[in-house]
Peer 1: 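Next up is a structure, given as C-alpha coordinates.
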Amino acid sequence: APAAPPLSPLGCDDPESEAAAQFAVNYINGHSHHGYKFALNRIDNVRVVSQGLNNDIMYLELDLLETTCHILSPTPLANCTVRSFTQHAVEGDCDVKLQKLDGKLSVLASKCHSHADSSEDLLHVCPDCPLLASLNDTEVLATVTAALNDHNSKAAHPYLQLLEIGRARIQHHPVHSVSVEFAVAATNCSAAEAKGNAGACQLLPEDQSNFGFCTASRLLRPSEDLSVDCQLYGHQVPAPSPPRSSQDTS
Amino acid sequence: PMAKRAVAEAAQHDKVPRPVGFVPPPPPPCPGKIRHFSI
(Lines give C-alpha, C1' and ligand atoms only; values in the text may rest on other atoms or scores of the structure.)
Protein backbone atom coordinates (compact mmCIF):
# COMPACT_ATOMS: atom_id res chain seq x y z
CA ALA A 1 0.00 0.00 0.00
CA PRO A 2 1.38 3.45 -0.82
CA ALA A 3 2.93 5.16 2.22
CA ALA A 4 0.67 7.67 3.86
CA PRO A 5 1.36 11.10 2.39
CA PRO A 6 3.70 13.07 4.71
CA LEU A 7 1.76 15.37 7.01
CA SER A 8 1.87 18.88 5.58
CA PRO A 9 3.98 21.04 7.91
CA LEU A 10 1.95 22.91 10.49
CA GLY A 11 1.33 26.49 9.39
CA CYS A 12 2.03 29.40 11.73
CA ASP A 13 -1.58 30.52 11.47
CA ASP A 14 -3.11 27.09 11.90
CA PRO A 15 -5.47 26.81 14.86
CA GLU A 16 -3.19 24.22 16.47
CA SER A 17 -0.23 26.60 16.29
CA GLU A 18 -2.35 29.46 17.63
CA ALA A 19 -3.50 27.37 20.60
CA ALA A 20 0.04 26.31 21.40
CA ALA A 21 1.28 29.90 21.12
CA GLN A 22 -1.40 31.24 23.45
CA PHE A 23 -0.57 28.47 25.93
CA ALA A 24 3.09 29.44 25.73
CA VAL A 25 2.37 33.16 26.21
CA ASN A 26 0.24 32.42 29.29
CA TYR A 27 3.07 30.27 30.63
CA ILE A 28 5.66 33.01 30.01
CA ASN A 29 3.53 35.67 31.71
CA GLY A 30 2.74 33.27 34.55
CA HIS A 31 6.41 32.66 35.24
CA SER A 32 7.60 36.24 34.92
CA HIS A 33 8.08 38.32 38.07
CA HIS A 34 9.18 41.66 36.68
CA GLY A 35 8.09 44.16 34.12
CA TYR A 36 4.96 43.88 32.02
CA LYS A 37 2.71 41.24 30.53
CA PHE A 38 3.44 40.38 26.89
CA ALA A 39 0.91 39.62 24.16
CA LEU A 40 1.34 37.50 21.05
CA ASN A 41 2.14 39.54 17.97
CA ARG A 42 3.30 36.90 15.50
CA ILE A 43 4.20 33.24 15.32
CA ASP A 44 7.52 33.37 13.48
CA ASN A 45 8.01 29.64 13.13
CA VAL A 46 6.61 26.33 14.27
CA ARG A 47 8.20 22.90 14.01
CA VAL A 48 6.63 19.64 15.14
CA VAL A 49 8.63 16.47 15.87
CA SER A 50 6.55 13.38 16.44
CA GLN A 51 7.60 11.20 19.36
CA GLY A 52 5.02 8.56 18.66
CA LEU A 53 1.26 8.23 18.70
CA ASN A 54 -0.39 11.41 20.10
CA ASN A 55 2.98 12.54 21.39
CA ASP A 56 4.54 15.54 19.64
CA ILE A 57 7.25 18.02 20.57
CA MET A 58 6.51 21.52 19.26
CA TYR A 59 9.15 24.22 18.82
CA LEU A 60 7.70 27.72 18.57
CA GLU A 61 9.45 30.97 17.72
CA LEU A 62 7.22 33.75 18.99
CA ASP A 63 7.26 37.50 18.49
CA LEU A 64 5.59 39.23 21.47
CA LEU A 65 4.82 42.84 22.29
CA GLU A 66 4.77 44.46 25.72
CA THR A 67 1.39 45.49 27.08
CA THR A 68 0.59 48.28 29.51
CA CYS A 69 -0.29 45.78 32.27
CA HIS A 70 2.32 45.26 34.94
CA ILE A 71 3.05 41.59 35.62
CA LEU A 72 1.40 41.87 39.06
CA SER A 73 -1.82 43.30 37.64
CA PRO A 74 -4.85 41.00 37.96
CA THR A 75 -6.15 42.31 34.60
CA PRO A 76 -6.66 39.41 32.19
CA LEU A 77 -4.19 39.53 29.28
CA ALA A 78 -7.06 39.85 26.81
CA ASN A 79 -7.90 43.21 28.42
CA CYS A 80 -4.33 44.48 28.42
CA THR A 81 -3.53 47.06 25.77
CA VAL A 82 -0.46 46.47 23.65
CA ARG A 83 1.85 49.45 24.07
CA SER A 84 1.68 51.56 20.95
CA PHE A 85 4.57 52.25 18.63
CA THR A 86 4.73 55.90 19.70
CA GLN A 87 4.94 54.90 23.38
CA HIS A 88 8.29 53.33 22.44
CA ALA A 89 7.25 49.71 22.11
CA VAL A 90 9.15 46.78 23.57
CA GLU A 91 9.34 43.49 21.69
CA GLY A 92 9.91 40.06 23.14
CA ASP A 93 11.45 37.19 21.17
CA CYS A 94 10.75 33.79 22.66
CA ASP A 95 11.73 30.24 21.78
CA VAL A 96 9.42 27.74 23.45
CA LYS A 97 9.54 23.94 23.50
CA LEU A 98 6.22 22.28 24.26
CA GLN A 99 4.98 18.73 24.46
CA LYS A 100 1.54 17.78 23.20
CA LEU A 101 0.65 14.46 24.77
CA ASP A 102 -2.82 13.07 24.12
CA GLY A 103 -3.91 16.57 23.17
CA LYS A 104 -2.60 18.14 26.43
CA LEU A 105 0.01 20.85 26.16
CA SER A 106 2.88 21.44 28.59
CA VAL A 107 5.90 23.71 28.34
CA LEU A 108 9.24 21.91 28.56
CA ALA A 109 11.49 24.96 28.11
CA SER A 110 11.26 28.62 27.20
CA LYS A 111 13.82 31.32 26.57
CA CYS A 112 12.95 34.96 25.94
CA HIS A 113 14.72 38.22 25.51
CA SER A 114 13.14 41.63 25.10
CA HIS A 115 14.36 44.82 23.49
CA ALA A 116 12.93 48.27 22.90
CA ASP A 117 12.23 49.48 19.42
CA SER A 118 15.10 51.50 17.98
CA SER A 119 15.06 55.17 18.93
CA GLU A 120 15.84 56.13 15.33
CA ASP A 121 12.75 54.31 14.06
CA LEU A 122 10.57 56.01 16.66
CA LEU A 123 12.00 59.52 16.13
CA HIS A 124 11.71 59.06 12.38
CA VAL A 125 7.95 58.60 12.77
CA CYS A 126 7.48 60.83 15.81
CA PRO A 127 10.29 63.39 16.28
CA ASP A 128 8.93 64.72 19.58
CA CYS A 129 8.06 61.37 21.17
CA PRO A 130 9.81 60.78 24.50
CA LEU A 131 12.29 57.89 24.48
CA LEU A 132 12.71 55.10 27.00
CA ALA A 133 15.29 56.03 29.61
CA SER A 134 17.51 53.89 31.75
CA LEU A 135 15.76 52.87 34.97
CA ASN A 136 18.70 54.10 37.05
CA ASP A 137 18.86 57.47 35.38
CA THR A 138 19.13 60.11 38.13
CA GLU A 139 16.16 62.11 36.82
CA VAL A 140 14.10 58.91 36.74
CA LEU A 141 15.02 57.97 40.31
CA ALA A 142 14.30 61.51 41.51
CA THR A 143 10.88 61.47 39.82
CA VAL A 144 9.92 58.10 41.34
CA THR A 145 10.99 59.25 44.79
CA ALA A 146 9.12 62.54 44.48
CA ALA A 147 6.00 60.80 43.19
CA LEU A 148 5.93 58.16 45.93
CA ASN A 149 6.53 60.77 48.65
CA ASP A 150 3.81 62.92 47.15
CA HIS A 151 1.32 60.05 47.16
CA ASN A 152 2.23 58.90 50.68
CA SER A 153 1.96 62.44 52.00
CA LYS A 154 -1.60 62.74 50.69
CA ALA A 155 -2.99 59.25 51.27
CA ALA A 156 -3.97 58.41 54.84
CA HIS A 157 -3.53 54.67 54.52
CA PRO A 158 -1.64 52.47 53.71
CA TYR A 159 1.88 53.73 53.35
CA LEU A 160 3.17 52.44 50.00
CA GLN A 161 6.63 51.04 49.37
CA LEU A 162 8.38 50.87 45.99
CA LEU A 163 8.61 47.36 44.47
CA GLU A 164 10.18 48.12 41.10
CA ILE A 165 10.35 50.78 38.41
CA GLY A 166 8.64 49.40 35.31
CA ARG A 167 9.55 51.97 32.68
CA ALA A 168 10.60 55.57 32.30
CA ARG A 169 10.68 58.01 29.43
CA ILE A 170 12.34 61.39 29.16
CA GLN A 171 11.29 64.14 26.80
CA HIS A 172 13.58 67.08 26.09
CA HIS A 173 11.60 69.00 23.48
CA PRO A 174 9.39 71.01 23.36
CA VAL A 175 9.28 70.64 27.18
CA HIS A 176 11.64 68.77 29.51
CA SER A 177 9.61 66.12 31.30
CA VAL A 178 10.07 62.71 32.88
CA SER A 179 7.29 60.10 32.98
CA VAL A 180 7.62 56.96 35.09
CA GLU A 181 5.65 53.82 35.91
CA PHE A 182 6.39 51.79 39.00
CA ALA A 183 4.96 48.93 41.04
CA VAL A 184 4.22 49.41 44.73
CA ALA A 185 3.08 47.36 47.69
CA ALA A 186 1.09 48.28 50.76
CA THR A 187 2.88 48.16 54.11
CA ASN A 188 1.56 47.64 57.62
CA CYS A 189 1.85 51.37 58.34
CA SER A 190 -0.48 54.24 57.95
CA ALA A 191 0.94 57.46 56.56
CA ALA A 192 1.03 58.93 60.08
CA GLU A 193 2.94 55.96 61.50
CA ALA A 194 5.37 56.12 58.60
CA LYS A 195 6.05 59.79 59.33
CA GLY A 196 7.50 58.73 62.64
CA ASN A 197 9.61 55.82 61.45
CA ALA A 198 9.18 54.67 57.85
CA GLY A 199 11.98 52.19 58.34
CA ALA A 200 9.76 50.17 60.67
CA CYS A 201 7.10 49.70 58.01
CA GLN A 202 6.98 46.17 56.60
CA LEU A 203 5.36 44.78 53.45
CA LEU A 204 2.19 42.88 54.30
CA PRO A 205 2.53 39.11 54.53
CA GLU A 206 1.68 37.17 51.37
CA ASP A 207 -1.79 36.20 52.57
CA GLN A 208 -2.65 39.90 52.94
CA SER A 209 -0.42 41.32 50.20
CA ASN A 210 -1.79 44.28 48.33
CA PHE A 211 0.12 45.40 45.25
CA GLY A 212 -0.48 48.42 43.12
CA PHE A 213 0.80 50.47 40.27
CA CYS A 214 1.67 54.14 39.95
CA THR A 215 2.18 56.42 36.99
CA ALA A 216 3.72 59.83 37.39
CA SER A 217 4.80 62.67 35.19
CA ARG A 218 7.16 65.43 36.28
CA LEU A 219 7.58 68.63 34.31
CA LEU A 220 11.02 70.14 34.77
CA ARG A 221 11.03 72.96 32.22
CA PRO A 222 9.64 75.52 31.50
CA SER A 223 8.11 75.13 34.99
CA GLU A 224 8.03 72.48 37.70
CA ASP A 225 4.95 70.29 38.05
CA LEU A 226 4.23 66.77 39.29
CA SER A 227 1.20 64.53 38.71
CA VAL A 228 0.87 61.13 40.37
CA ASP A 229 -1.73 58.38 40.09
CA CYS A 230 -1.50 55.24 42.21
CA GLN A 231 -4.00 52.38 42.12
CA LEU A 232 -3.93 49.41 44.48
CA TYR A 233 -5.17 46.08 43.08
CA GLY A 234 -6.57 44.88 46.39
CA HIS A 235 -5.59 41.55 47.89
CA GLN A 236 -5.28 38.85 45.19
CA VAL A 237 -5.57 35.22 46.16
CA PRO A 238 -2.28 33.92 44.73
CA ALA A 239 -2.80 31.46 41.85
CA PRO A 240 -1.71 27.94 42.84
CA SER A 241 1.94 27.83 41.89
CA PRO A 242 2.56 25.26 39.14
CA PRO A 243 4.19 22.05 40.34
CA ARG A 244 7.95 22.54 40.35
CA SER A 245 9.37 20.31 37.64
CA SER A 246 12.41 20.18 35.48
CA GLN A 247 10.95 22.85 33.28
CA ASP A 248 13.74 25.13 32.27
CA THR A 249 12.75 28.73 31.88
CA SER A 250 15.19 31.50 31.31
CA PRO B 1 9.49 51.17 -39.22
CA MET B 2 8.94 50.01 -35.62
CA ALA B 3 5.20 49.95 -34.84
CA LYS B 4 4.42 50.41 -31.18
CA ARG B 5 1.88 47.79 -30.21
CA ALA B 6 -0.87 48.69 -27.77
CA VAL B 7 0.11 47.55 -24.28
CA ALA B 8 -3.02 45.48 -23.85
CA GLU B 9 -2.43 43.70 -27.13
CA ALA B 10 1.22 43.09 -26.25
CA ALA B 11 0.33 41.89 -22.80
CA GLN B 12 -2.25 39.58 -24.35
CA HIS B 13 0.30 38.04 -26.61
CA ASP B 14 3.05 37.93 -23.97
CA LYS B 15 0.84 36.37 -21.26
CA VAL B 16 2.08 32.86 -20.74
CA PRO B 17 -0.91 30.53 -21.15
CA ARG B 18 -1.57 28.73 -17.83
CA PRO B 19 -2.17 25.00 -17.92
CA VAL B 20 -5.73 23.99 -17.24
CA GLY B 21 -6.42 23.45 -13.52
CA PHE B 22 -3.52 25.72 -12.48
CA VAL B 23 -3.59 26.15 -8.70
CA PRO B 24 -1.52 29.05 -7.26
CA PRO B 25 0.91 27.81 -4.59
CA PRO B 26 -0.38 28.15 -1.00
CA PRO B 27 1.08 31.05 1.03
CA PRO B 28 4.20 30.02 2.91
CA PRO B 29 3.18 28.40 6.25
CA CYS B 30 5.44 30.72 8.27
CA PRO B 31 5.91 33.35 9.52
CA GLY B 32 2.31 33.90 10.51
CA LYS B 33 0.14 36.99 10.49
CA ILE B 34 1.06 40.12 12.45
CA ARG B 35 -1.59 40.85 15.08
CA HIS B 36 -0.52 44.36 16.14
CA PHE B 37 2.45 45.91 14.37
CA SER B 38 5.99 45.00 13.46
CA ILE B 39 8.98 46.77 15.02
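Atoms considered below: every heavy atom in the structure, side chains included; atoms not considered: hydrogens, waters and symmetry mates. A, B, ... follow the sequence lines: proteins, then strands. Residue 1 opens every chain.
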Peer 1: Is it the case that the side chain of A:R42 and the backbone of B:G32 share a donor-acceptor pair, with hydrogens and angles ignored and the cut-off at 3.5 Å?
Peer 2: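 Indeed, once roles are kept as given, a pair shorter than 3.5 Å links the two residues.
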
Peer 1: Out of the candidates A:P130, A:S119, A:C126, only one should pair with A:H88 under the side-chain contact (heavy atoms from CB on, under 4.5 Å) rule; please name it.
Peer 2: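 By the side-chain contact (heavy atoms from CB on, under 4.5 Å) criterion, A:H88 pairs with just one of A:P130, A:S119, A:C126: A:S119.
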
Peer 1: Picking from A:T75, A:T81, A:L77, what satisfies side-chain contact (heavy atoms from CB on, under 4.5 Å) with A:N79?
Peer 2: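 The single option meeting the side-chain contact (heavy atoms from CB on, under 4.5 Å) with A:N79 is A:T75.
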
Peer 1: Identify which of A:L122, A:N45, A:D63, A:L65 forms the greatest number of heavy-atom pairs closer than 4.5 Å to chain B.
Peer 2: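 Ranked by heavy-atom pairs under 4.5 Å with chain B, first place is A:L65.
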
Peer 1: Side chain, backbone, both or neither: which part of A:D44 has a non-hydrogen atom closer than 4.5 Å to chain B?
Peer 2: both

Peer 1: Looking at A:A116 and A:L132, what are the two nearest heavy atoms and their distance?
Peer 2: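 Taking every non-hydrogen atom into account, CB-CD1, 3.6 Å.
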
Peer 1: Using the side-chain contact (heavy atoms from CB on, under 4.5 Å) definition, which of the options A:K37, A:E164, A:E181, A:H34 pairs with A:H70?
Peer 2: A:E164

Peer 1: Heavy-atom distances under 4.5 Å only: say whether A:S84 touches chain B with side chain, backbone, both or neither.
Peer 2: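 For A:S84, the backbone is the part near chain B, not the side chain.
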
Peer 1: Taking side chain as everything from C-beta outward and backbone as N, CA, C, O, which of these in A:R47 sits under 4.5 Å from a heavy atom of chain B? Side chain, backbone, both or neither.
Peer 2: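 Neither part.
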
Peer 1: Need one label for A:E61: side chain, backbone, both or neither, based on atoms under 4.5 Å from any heavy atom in chain B.
Peer 2: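 For A:E61, there is no contact with chain B at all, as no heavy atom is under 4.5 Å.
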
